[in-house]
Asker: 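Starting off with a structure, shown below.
Naming convention: chains lettered A, B, ... in sequence-line order (proteins, then strands); numbering from 1 in each chain. Worth saying up front: this structure is predicted, and the values here are computed from it rather than measured.
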There are 2 protein chains.
Amino acid sequence: MMLARRMRIPWVLILTVNASAAPLPLMPMPEKVILSTGTLPIDASFRVAVTGYSDARLQGAIQRFTARVARQTGIPLSLSAAKGVTMQVNCGGRGSKYPALGEDESYRLDVSSTGARLSARMVSGVLRGLETFAQLIARGPDGFQVPAVRIEDRPRFPWRGLMVDVSHHWMPAAVVERNLDVMAAVKLNVFHWHLSDDQGFRVESKRYPKLQQEGSDGNFYTQADVRRIVAYASERGIRVIPEFDMPGHTSAWFVGYPELASAPGPYRIERRWGVFQPTMDPTREETYVFLDGLIGEMAALFPDPYFHIGGDEVEGSQWRQSPRIQAFARAHELATGHEVQTYFNGRVEKLLKKHGKIMIGWDEVLSPGLAPETVIQSWRGPASLAQAAIQGYRSLLSFGYYLDRLSPAGVHYANDPLGGGADDLTPQQAARILGGEACMWTEYVSAETVDSRIWPRLAAIAERFWSPRTVTDVDSMYARLETVSLWLEASGIKRGPNQTLLDRLTAGQPAPPLRLLADASEALGIEERREARAYTSLTPLNRFVDAVAPESDLIRGLERDAHALPGDAAAAARLRTALTAWAESQTRLQPVLDSNAWLSELLPLLGNLATAGKIGQRALELIESGQSAPAGWIEQQNRELDRLEKPVAEVRLAAVRPVRLLLARVNPQKLANSGVRYGNEPFRTGHQGGPKPIITLRRS
Amino acid sequence: MMLARRMRIPWVLILTVNASAAPLPLMPMPEKVILSTGTLPIDASFRVAVTGYSDARLQGAIQRFTARVARQTGIPLSLSAAKGVTMQVNCGGRGSKYPALGEDESYRLDVSSTGARLSARMVSGVLRGLETFAQLIARGPDGFQVPAVRIEDRPRFPWRGLMVDVSHHWMPAAVVERNLDVMAAVKLNVFHWHLSDDQGFRVESKRYPKLQQEGSDGNFYTQADVRRIVAYASERGIRVIPEFDMPGHTSAWFVGYPELASAPGPYRIERRWGVFQPTMDPTREETYVFLDGLIGEMAALFPDPYFHIGGDEVEGSQWRQSPRIQAFARAHELATGHEVQTYFNGRVEKLLKKHGKIMIGWDEVLSPGLAPETVIQSWRGPASLAQAAIQGYRSLLSFGYYLDRLSPAGVHYANDPLGGGADDLTPQQAARILGGEACMWTEYVSAETVDSRIWPRLAAIAERFWSPRTVTDVDSMYARLETVSLWLEASGIKRGPNQTLLDRLTAGQPAPPLRLLADASEALGIEERREARAYTSLTPLNRFVDAVAPESDLIRGLERDAHALPGDAAAAARLRTALTAWAESQTRLQPVLDSNAWLSELLPLLGNLATAGKIGQRALELIESGQSAPAGWIEQQNRELDRLEKPVAEVRLAAVRPVRLLLARVNPQKLANSGVRYGNEPFRTGHQGGPKPIITLRRS
């Protein structure tokens, strides 16, 4: 308050979150945004000064921030001999050096036409506030600027994470690092690193080197890599949680150490996907000696107090078939496989405690006797999340945030950690829900395609985790997501369609306009792909579906344009340009698609696109001329669109959607004998089975 | 020959270079290519084995090559348990460890449907051959493949370079490294690093630290950076030649060490472009003591025996105005400024010799008494190149390879180191012309835009330096350049238009189709930009012109399509799609361009594009219908196109070119009273003053 008076900011407009005015391009939306008049110019004189507490982490953040402002504006700030101060950063104190669960991440940002001031109690708050300021920089009429604004902000949930599976497909360190950069930009604070699974053990153990030597195809992080990445994340206010999945999903461990398994080897790295038999032997003391050694080694490598042991999808057949394990179970009065697993978990938890770690596990670890500090990560649904909270455990929601399903951003956005089953919890129980994690499982995702499978949809989930529960306007989210997508690209994230992969499909030929087809299509997710063909980790992910994005920006824009008809000439022009290109696409692309097997599978898709383009052209003519369609024509075209929408080569023709909207705007010929009308807003039918929420795309 | 028989390759087709059949996508074109029948599949079983000599450099190259094959195909080769050998590499011996001028770079590549064999005398030849093999990988009907082929290859010139000026605008190490990667891919072997100029001294001196501390704005390479980059280049068969420009272009040195100058200081880093007064004092012994120290330090850092001292554009006023220097000149009988410079060069040359280095300098260093081993780099033209050769000096051509002029690739391609003034040389004299260097001066080029100012045009120059003199087919070059452009992008080179810069122009708004305008435009070069506005190094290079490429791929394709009319339906469809988009562009883009000053300067360009689109649409209708144009219509439209072609905001509307070609294909109404006909193929009028060579773009 003192500050506001001193800076003489005239408060003229209170922007509550969800305001229907054009939203500031912020994601996640802050808790409180009060827009004022005037703008702060961002030019060659831009300079940041620190008052109050400072340390290397804060200085590093400000250096990265300044470099980013230079990159966002193209202004060579390193040459500036600025005298004044554009932005004052005032930090109260360090907070924990390595980011801690529940630490104070709040900040306050005051921008006037003469300067900006960022205040935070802790360095973590400064990190969050700098990201907000960077997002506010926009082109004004004659330069870059930030609007005069006061922002008071803090996260809704203390645990806002992304899990990345680096086992099914290997993700090199550079992939991890560039994703950490943009995670920080949307204020995520947990990187959950799924480091082992049947398909690979991905981290160097010096104590048990055959883990990575035999279990990784040579694709693993050295301990130096891990230390560098942990430091990289921590500088950006992101905790790193390692996951070593056990006792199931452990085939890759057993290649080098078959004695850990419940049945004799030899074992090999699993190339398929699914739930497999190899499971650790929970009855032998040597198993726990090994795990004691490994956990001790990894506990020293990963500073976070939380340690994920997986615990999901234990396939019981090795246990059932082993007389020794059966005898052990009887001796210990363990009646079921789950009770055997509970025994195992209890032993592992003691080892974690010995090494100073708190256990996290997937749903299945929840069982009587579990230590009260354990954190449950729910992948099964809101019921299991609620159950954990009722039993007094802290928990995280991942159900509904599975990025590998390639659902639209709007679907994830509608999924709240305190929605669904958590609705009936007492406030005390609800407080145990720490937040959530988006999950990037990588059966159908490689290092080349992972960016487009995470982004930009993760930004919408990040807003769900950070912003107030009332921030739910899907139109506003999508409008802001377009801006997010641009700086993602500028940060080196290939959000898709992936032009490099498209070019490779036609390698050796002059580049044909495959992009046209890619922009009109959307890739199907794990559910449909696993049915489409027999994939293994040896199957190259180098087909059209891999190059295509899960959601088409072009189509979303055209849907918005269709909503603006009749009356909006620019919208009509954009639609006409796209429809013409589609209608002409068969002539242009057919010779290219005929050339090889990867492309010829797209021939039906191309035909469908051309047909959709022609239907759309005719509909647009009718709308613009105000003429009515011939009797039955609209119905007939809608049935045709149903046919065009059927998946081809693991992609869906998204182009159908704006064409449907156009048909809905054509005046139907009144039928003499019938009250039936077509032409209502169509549902968007989903790709995970069953109808999806309608995502209307009017610009807010 | 033995090998060929053993591999039973049936020779069926002799592909001489410049053959008119669809060329293999190789650049530079090898000396000898003999295409056979069949193809070698590239799949998950791909494996390379080395016979003969091997060392760490060779093994490193093969590792990079394998990773590149995996990237080019999307096949996860690291998982393959291949038993057989796809490619055998046979190397005769090491050659020099650090690449040497004139070393044997020849190789021979035999590919049959069952395997490939790469043979070379030295490691450098293996490096070149691996690049050739990688370029041959293309999509076949049902997988990646390499055609059965025998290639025998060696360079025409031993010195094939790129100079990059890192002084006018700073180029971080990452920029240098990614450019070295692709330089190696087109078989360039010299990186000439212009490290100092009036605008910055860019390398750390431990002996004279004020050079970089005071003279670089903090933007300099540490000695560790230099060592890493030199090693990086050398692993790729690229020599690194440092240039420290002296005695002129030295303002940045004098900020920290004003005593080196010919007039009292203080001095400051120069922010403007041009030729400035500050010049080293050639009369004081302290100058040579300093240079002895610096050259000694730098000689140890850069292993190459050649060392560039610049020597260009010495502005004599400080020398003329100094009584002491005038007295010194009289005492030493130095009649002109050039003779003073010659004295200075002689002293510097002795220092270089003391530290084991051979001098290179720009044209101006050529003068009586110059040591015979000196190399002259000609920027003034063929005459100076020939003169050096006649006087017995070895020389390099850079005139005609100035990338900063943003000339079309075809212009550089037509410029031969042995063309022009070198035509009359004796064979012995001609042999002194070692090759050439393309020059990337960076007055109007930043780290963000440099890729698009170098590539893909440098690939055409690289072919000029490597391939036989008879390889001159421009159509073939452009056809192959399209493929080159795709793998440049895949290698992380942003060849332009630069989408990140386009997005930034509209930062904070949802992305409008600025790309449409960018694809239809071409950026103007240094000559026009220096007239357009007062630029300095403080001027951000963040406008539309900076995002636009020097040559538009889209337009080149449409020119080719226009040549294919009437008759080619796919070409007509591509043209119609583009023309529609242009005709509609004003409605779509005008509201966006109105929003700020960087964009509103493009409003005339947008209007011109829309007009060109409409003219083109009408012309295409006339061509397709076979109707004649109304009397005088074609002439009138061509005059209109003349008007539309005038530069706007430092870009040229390239879209005019295919529209002109369309007009040339419309049947004119015969004029009753005149034999005048319009409609011949138009000249492409140039942007460097005067007409340019016509570059016809029929696919070869």
Asker: Is the shortest side-chain heavy-atom distance between A:N498 and A:D546 below 4.5 Å?
Answerer: no
Asker: By a 4.5 Å heavy-atom criterion (distance strictly below it), what part of B:R543 contacts chain A: side chain, backbone, both, or neither?
Answerer: neither
Asker: Using heavy-atom distances under 4.5 Å, tell me whether B:T587 contacts chain A through its side chain, its backbone, both, or neither.
Answerer: both
Asker: B:R495: which residues meet the salt bridge (Lys or Arg N to Asp or Glu O under 4.0 Å) condition with it, sequence neighbours left out?
Answerer: B:E489, B:D553
Asker: Between B:S476 and B:R480, is there a side-chain donor-acceptor contact under 3.5 Å, judged purely by atom types and distance?
Answerer: yes
Asker: Examine whether an atom of A:T73 lies under 4.5 Å from a heavy atom of chain B, and if so say whether it belongs to the side chain, the backbone or both; otherwise answer neither.
Answerer: backbone
Asker: Relative to chain B, which of A:A583, A:A572, A:P540, A:G140 shows the most heavy atom pairs under 4.5 Å?
Answerer: A:P540
Asker: Among B:D594, B:L541, B:T500, B:D142, which has the most heavy-atom pairs under 4.5 Å with chain A?
Answerer: B:D142
Asker: Taking every non-hydrogen pair under 4.5 Å, which of A:E448, A:Q135, A:R576 racks up the most with chain B?
Answerer: A:R576
Asker: At a heavy-atom separation under 4.5 Å, does B:S585 approach chain A through its side chain, its backbone, both, or neither?
Answerer: neither
Asker: Side chains of A:F46 and A:I75: closer than 4.5 Å at any heavy-atom pair?
Answerer: no
Asker: Go through the structure and list residues passing ring-ring contact (aromatic ring centres under 6.0 Å, His included) with B:F133, not counting sequence neighbours.
Answerer: B:F65
